[in-house]
*Asks:* 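Input: one structure, supplied below.
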Amino acid sequence: MQKIVSLCKRRGFIFQSSEIYGGLSNTWDYGPYGVELKNNVKAAWWKANVYECDDIFGMDASILMHPKVWEASGHVESFFDIYLDCLNCKKRIKVNDPALKKATNTCPYCGKSGLTDPRKFNLMFKTYQGPIEDEASLVYLRPETAQGMFVNFLNILDSKHPKLPFGLAQIGKAFRNEVTPGNFTFRTREFEQMEIEYFVKPQEADKKLEEWIESRFSWYLNLGIKKENLRKRPHTKDELAHYAKACTDIEYNFAFGWSELEGIANRTDFDLREHAKFSSKDLKYFDETTKEKFYPYIIEPSGGVDRSVLAFLVDAYHEEKVKDDIRVVLKLHKDLAPIKVAVLPLLKNRPEIVELAKRIAQDLKKCFITVYDDTAGIGKLYRRQDEVGTLYCVTVDVQSLEDKQVTVRDRDTMQQDRISIDKLREYLSKKLNTEG
Ligand code: ATP
C-alpha cells in the first residue's frame with residue numbers, strides 16, 4: 001500500500017487534499033493521471049451498464065434533496081455508526097454491536113481494558129439551504145446516490161413508459177461523516193458511487209439478484225482484476241440492512257484484508273413503499289398485460305468509484321527485474337490506462353527529430369490519448385511511462401528521418417516493432433481496438 005500511495009503522489013495520480021496547509025485528513029485530490037483513470041473507470045461502467053443494456057436509463061440527480069427523502073429512506077432514524085474510544089491508546093473503535101464493551105471492555109488495538117460507553121453517531125453531513133441556519137433550512141449532503149433514483153421513479157414511468165424489468169443508473173458524489181476513515185482512498189468522507197436501481201417483478205427478484213451478482217463480478221475481471229484477488233461474500237442474516245432481503249458483496253484482497261468494492265442487494269419494495277407513504281404519491285407500477293398494480297422489487301448493484309480505482313491500481317502494480325534494474329509498471333487494462341501512447345524523441349538536441357516527433361504526437365492525439373515528452377533520456381522516459389501504465393511508447397530516432405519509420409514499444413512485453421509512420425495510426429488502432 002505504501003508503494004501505491006507513493007507512486008500516486010510521485011506520478012500525479014492522487015494527492016492529499018489541501019496539502020500546502022498540512023492536508024485535510026482522509027481527503028484526496030485526483031491529479032492529471034488520477035482523473036483520467038477515474039474517468040475511464042466511470043466510462044467503462046457506464047458503457048457496460050447503460051450503453052450496452054437496452055433496459056437501463058442513465059440519470060444525474062442533485063446532491064441536495066428534500067429532507068423528507070432521508071426520513072423516508074430511514075437514514076435520519078438509523079444511519080448511525082456506533083463507536084467506543086479506548087481510554088488508554090485513544091483509538092476510536094467502530095463496532096456493530098454495542099454489547100462488545102460489556103463483553104470484553106478490552107481494546108482490540110492495545111489489548112488494555114478501559115473503553116468508553118458506546119456512542120451513536122449519524123453519518124449524514126448537515127448543511128443549511130439559504131442564509132438562515134435553522135431547522136427549516138436544514139438539508140443533507142446525500143450519503144448515497146440511490147435515493148435520487150427512487151424519487152425519480154415516477155418521472156421515468158411518465159417520460160419513458162418502460163416495462164419491467166428496467167433500471168436507472170447514476171454516478172455521483174456521496175458524503176458520509178465516517179467515524180473511522182482510512183486506508184488511503186478506501187474509506188473517505190467524500191467519495192463517488194456508481195449505482196444501479198433495477199426494478200423487477202417481485203417473483204423475479206431472486207433470479208435477477210443472482211444475474212446481477214455474476215454480471216458485476218465479471219465486470220471487474222473483464223477489466224483485468226486477477227481472479228484470485230476477487231471474491232463474492234454473501235451477507236449473513238444479521239448483517240443485512242433493514243431494507244434488504246439478501247445482499248452479496250464483491251470484495252478485493254487489499255493489503256489490509258478482504259474489503260468491499262460493491263454490494264449487490266435485493267432491497268425488496270421497501271424504498272418505493274416508503275417514498276409513497278412519505279410523499280403521498282402513487283408509486284405503484286401498472287402491468288398492462290395482467291392489469292395488476294404493485295410495487296416492484298429493486299435489485300441494487302452499488303459500487304464505489306474510488307474503491308474500484310484503488311483496486312485497479314493495486315492489482316495493476318508490478319515490479320519486475322530487468323537486467324540489474326527493477327522495472328515498476330502499472331499493467332492497467334487498455335480501457336483504463338490514462339495514457340494510451342507516448343511519443344518520445346531519442347535525441348532532443350536534434351531539432352529535426354524533435355519536430356518530427358511533435359508532428360507524430362499531434363497527429364496521434366486526434367485518435368488516442370497521447371503525450372509528447374522530451375524532458376529526459378530515453379531510459380528515464382520509458383520508466384516514467386511504465387509507471388503510469390502508458391500502453392505504447394513511440395520512439396523517433398535518427399533513422400526515422402531516413403526511413404520514415406518509428407519504434408513502437410509494448411508496455412507489457414517490452415517488445416519493439418519498427419513501423420512506418422504512415423501506418424502508425426492503423427497499427428495502434430488495431431492494438432487498441434479502436435477506430436483509427
Ligand atoms: P462499508 O461497509 O465499507 O462501510 P457500506 O456497505 O456501508 O460500506 P454501501 O452503503 O453499500 O457501503 O455503499 C456502496 C458502495 O459505496 C460501497 O461498496 C463502497 O464501494 C462505496 N462506499 C461506501 N462508503 C464509502 C466510503 N466511506 N468511502 C469510499 N467508498 C465508500
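Remember, it's 1-based here, ligands and their atoms both numbered in the order they're listed.
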*Asks:* Side chain of Arg327, backbone of Glu320: donor and acceptor closer than 3.5 Å?
*Replies:*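 No; judged by distance alone, with no hydrogens or angles, the pair does not exist.
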*Asks:* Looking at ligand 1, does any of its N/O atoms fall within less than 3.5 Å of an N/O of Arg307?
*Replies:*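 There is such a contact, yes.
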*Asks:* Is it the case that Arg216 places NZ or CZ above or below the six-membered ring of Trp219, under 6.0 angstrom from the centre and within 45 degrees of the axis?
*Replies:*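 Pair Arg216/Trp219 counts as cation-pi.
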*Asks:* Looking at CG of Leu272 and CZ of Phe153, how far apart are the two atoms once the value is rounded to the nearest 0.5 Å?
*Replies:*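 Output value for this atom pair is 5.0 Å.
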*Asks:* Any nitrogen or oxygen of Thr188 lying under 3.5 Å from a nitrogen or oxygen in ligand 1? Just yes or no.
*Replies:*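 There is such a contact, yes.
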*Asks:* Which residue and non-hydrogen atom of the protein lie closest to atom 3 (O) of ligand 1, and at what distance in Å?
*Replies:*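 Answer for atom 3 (O) of ligand 1: Arg187 NH2, 2.9 Å.
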*Asks:* I need the atoms of ligand 1 closer than 4.0 Å to a non-hydrogen atom of Glu262, numbered in the order shown.
*Replies:*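 This gives 18 (O) as the contact atoms.
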*Asks:* Note the single closest protein heavy atom to atom 29 (C) of ligand 1, along with its residue, its atom name and the distance in Å.
*Replies:*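 Going atom by atom, the protein heavy atom closest to atom 29 (C) of ligand 1 ends up being Phe186 O, 3.1 Å.
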*Asks:* Considering only non-hydrogen protein atoms, determine which one is nearest to atom 11 (O) of ligand 1 and report residue, atom name and distance to 0.1 Å.
*Replies:*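 For atom 11 (O) of ligand 1, the nearest protein heavy atom is Glu260 OE2, 3.4 Å.
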*Asks:* Parallel, tilted or perpendicular: which describes the rings of Phe186 and Phe256, with under 30° parallel and over 60° perpendicular?
*Replies:*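 Rings of Phe186 and Phe256: perpendicular, as their planes differ by over 60°.
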*Asks:* Nearest to atom 22 (N) of ligand 1, what protein heavy atom do you find, and at what distance?
*Replies:*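 Of every protein heavy atom, Phe191 CE1, 3.5 Å lies nearest to atom 22 (N) of ligand 1.
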*Asks:* Quick one: do Lys91 and Asp85 make a salt bridge, cutoff under 4.0 Å?
*Replies:*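 Looking at Asp85 together with Lys91, the answer is no, because their closest N to O distance does not fall below 4.0 Å.
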*Asks:* Which residue owns the protein heavy atom closest to atom 13 (O) of ligand 1, what's the atom, and how far is it?
*Replies:*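 The closest one turns out to be Gln193 NE2, 3.3 Å.
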*Asks:* Could you tell me the residue and atom name of the protein heavy atom closest to atom 7 (O) of ligand 1, and the distance to it rounded to 0.1 Å?
*Replies:*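 Here the closest protein heavy atom is Arg176 NH1, 3.1 Å.
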*Asks:* How long is the gap from OG1 on Thr370 to CG on Leu428, to the nearest 0.5 Å?
*Replies:*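 So the OG1 of Thr370 and the CG of Leu428 are separated by 8.0 Å.
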*Asks:* Is the shortest distance from a heavy atom of Asp306 to ligand 1 less than 4.0 Å?
*Replies:*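 For ligand 1, residue contact (heavy atoms, under 4.0 Å) with Asp306 is absent.
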*Asks:* Counting only heavy atoms, tell me which of Gly304, Gly263, Pro181, Ala311 gets closest to atom 21 (C) of ligand 1.
*Replies:*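 Answer by nearest heavy atom: Gly304.
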*Asks:* Looking only at distance, does Gly303 have an N or O less than 3.5 Å from an N or O of ligand 1?
*Replies:*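 No - when backbone and side-chain N and O of Gly303 are compared with those of ligand 1, no distance drops under 3.5 Å.
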*Asks:* What do you reckon, does Lys94 have a nitrogen or oxygen under 3.5 Å from a nitrogen or oxygen of ligand 1?
*Replies:*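 Among all N and O atoms of Lys94, none is under 3.5 Å from an N or O of ligand 1.
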*Asks:* What atoms in ligand 1 come closer than 4.0 Å to a heavy atom of Glu178?
*Replies:*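 This gives 24 (N), 26 (C), 27 (N) as the contact atoms.
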*Asks:* Which of parallel (below 30°), tilted (30 to 60°) and perpendicular (above 60°) describes His75 and Trp70?
*Replies:*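 Judged by the thresholds at 30° and 60°, the geometry between His75 and Trp70 is perpendicular.
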*Asks:* So, do Lys173 and Phe191 sit near enough that their side-chain heavy atoms are less than 4.5 Å apart?
*Replies:*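 Sidechains of Phe191 and Lys173: no contact.
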*Asks:* Are any of the side-chain heavy atoms of Pro165 and Tyr198 separated by less than 4.5 Å?
*Replies:*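 Sidechains of Tyr198 and Pro165: in contact.
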*Asks:* Should the pair Lys340 and Phe368 be classed as cation-pi, given the thresholds of under 6.0 Å to the six-membered ring centre and 45° from the axis?
*Replies:*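 That pair does not qualify as a cation-pi contact.
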*Asks:* In the protein, which heavy atom is nearest to atom 15 (C) of ligand 1, and how far is it?
*Replies:*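 The answer is Ser302 O, 3.6 Å.
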